[in-house]
Amino acid sequence: MGILSVESTLNIPDYRSAERTFQLVTQLIGRAGRGDDPGRVLIQSLNPDHYALAHAVAGDMDGFYGAELAFRQETGYPPFAHLAALCLSGTAASAVERTSELLAARLRELRRDGGGRVEILGPAPAPLAKLRGRFRRQILLKAADRTTLHRLVRRVRESFQPPAGVRLQVDMDPVDLM
């Protein structure tokens, strides 16, 4: 069995990409070795020393868990922080971009006026910048405290209305950042 260009999963713009890659490689290695005949797995990689690959090949789940937990703590991702993904979409790219800038400014203003310690990342084009004919931009909010994050999201939803033709979708604790 072969895995070609494993970086395609490692480089997905999502903090869970290493976890997903570890799962994929581990599952494929497990399936290749079933039955009477031992299996063989070849992995094509430009980054063979990446901790997700090294631990998957070694069958070291505990080692991967420790490395991934350290990465998430250092970068402030779950379980060390809570997230909210705000996605704006519309058929006019300029309107979506302008609205995302206004939303980010409003979030910074609300944070200054008692919104607590929330990191605001973006706005930026969503990883799938155009989906089903709609342009998409996103803002990611990170906070150590869930209550603070919920309060800021509630305040922005009460005080910010996107213009006609632009939709705002809020995903608390998103499972996927795509």
Side-chain angles (χ1 to χ4, degrees), residues 5-24 46-47 50-52 64-178:
S5 188
V6 75
E7 282 77 19
S8 63
T9 59
L10 275 176
N11 293 331
I12 291 173
D14 189 325
Y15 73 95
R16 291 184 178 100
S17 65
E19 178 183 347
R20 290 181 176 144
T21 301
F22 176 83
Q23 289 173 342
L24 172 70
L46 296 172
N47 189 7
H50 189 282
Y51 69 94
F64 172 75
Y65 177 76
E68 181 68 6
L69 211 54
F71 164 75
R72 291 190 188 187
Q73 185 171 25
E74 182 180 319
T75 56
Y77 282 105
F80 301 99
H82 301 281
L83 303 177
L86 285 68
C87 183
L88 292 153
S89 68
T91 56
S94 59
V96 173
E97 185 173 351
R98 187 173 44 257
T99 303
S100 70
E101 295 295 337
L102 292 170
L103 177 58
R106 182 66 180 139
L107 283 162
R108 287 190 293 273
E109 180 182 305
L110 290 169
R111 182 183 60 187
R112 266 192 313 274
D113 297 340
R117 298 185 64 125
V118 177
E119 187 176 355
I120 301 168
L121 303 173
L128 298 174
K130 189 174 183 185
L131 184 64
R132 296 186 201 108
R134 297 183 67 83
F135 296 92
R136 300 167 10 120
R137 291 185 58 89
Q138 70 180 17
I139 299 170
L140 185 65
L141 306 178
K142 294 190 330 184
D145 178 58
R146 184 182 303 261
T147 303
T148 301
L149 183 63
H150 280 255
R151 182 175 37 247
L152 180 61
V153 168
R154 185 180 64 250
R155 289 178 65 203
V156 79
R157 290 197 77 153
E158 291 170 351
S159 66
F160 183 85
Q161 185 66 35
V166 177
R167 292 184 201 148
L168 171 61
Q169 179 182 349
V170 177
D171 188 359
M172 300 301 294
D173 298 316
V175 173
D176 191 342
L177 296 176
M178 296 300 287

Please tabulate, for side-chain N and O atoms in residues 159-166, each donor-acceptor pair with protein atoms closer than 3.5 Å (sequence neighbours left out).
unit_1: Ser159; atom_1: OG; unit_2: Arg106; atom_2: NE; d: 3.1
unit_1: Ser159; atom_1: OG; unit_2: Arg106; atom_2: NH2; d: 3.1
unit_1: Ser159; atom_1: OG; unit_2: Arg155; atom_2: O; d: 2.9

Which pairs would a plain distance check flag for residues 119-135, meaning a side-chain donor or acceptor within less than 3.5 Å of a matching protein atom at least two apart in sequence or in another chain?
unit_1: Arg134; atom_1: NE; unit_2: Ser89; atom_2: OG; d: 3.2
unit_1: Arg134; atom_1: NH2; unit_2: Ser89; atom_2: O; d: 3.0
unit_1: Arg134; atom_1: NH2; unit_2: Ser89; atom_2: OG; d: 3.4

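Partners of Phe64 under the ring-ring contact (aromatic ring centres under 6.0 Å, His included) rule, at least two apart in sequence or in another chain, are Phe22, Tyr51. For the side chain to side chain donor-acceptor pair (under 3.5 Å) test, no residue two or more places apart in sequence or in another chain qualifies with Glu101. Contacts of Tyr65 classified as side-chain contact (heavy atoms from CB on, under 4.5 Å), with partners at least two apart in sequence or in another chain: Leu69. Shown here are the side chain to side chain donor-acceptor pair (under 3.5 Å) partners of Arg136, two or more places apart in sequence or in another chain: there are none. Judged as a side-chain contact (heavy atoms from CB on, under 4.5 Å), and not counting sequence neighbours, the contacts of Ala85 are Leu140, Asp171, Pro174, Leu177. The side chain to side chain donor-acceptor pair (under 3.5 Å) check on Glu19 picks up Arg72, with sequence neighbours excluded. Take Thr21 and apply the side chain to side chain donor-acceptor pair (under 3.5 Å) test, not counting sequence neighbours, and it matches Thr9. Partners of Asp145 by side-chain contact (heavy atoms from CB on, under 4.5 Å), not counting sequence neighbours, listed by chain and number: Thr147, Thr148. Arg154 is linked by a side-chain contact (heavy atoms from CB on, under 4.5 Å) to Arg151, Glu158, counting only residues two or more places apart in sequence or in another chain.
Sorted by first and then second residue, the pairs that involve residues 68-90 and meet ring pair (Phe, Tyr, Trp, His ring centres under 6.0 Å), not counting sequence neighbours, are Tyr15-Tyr77.
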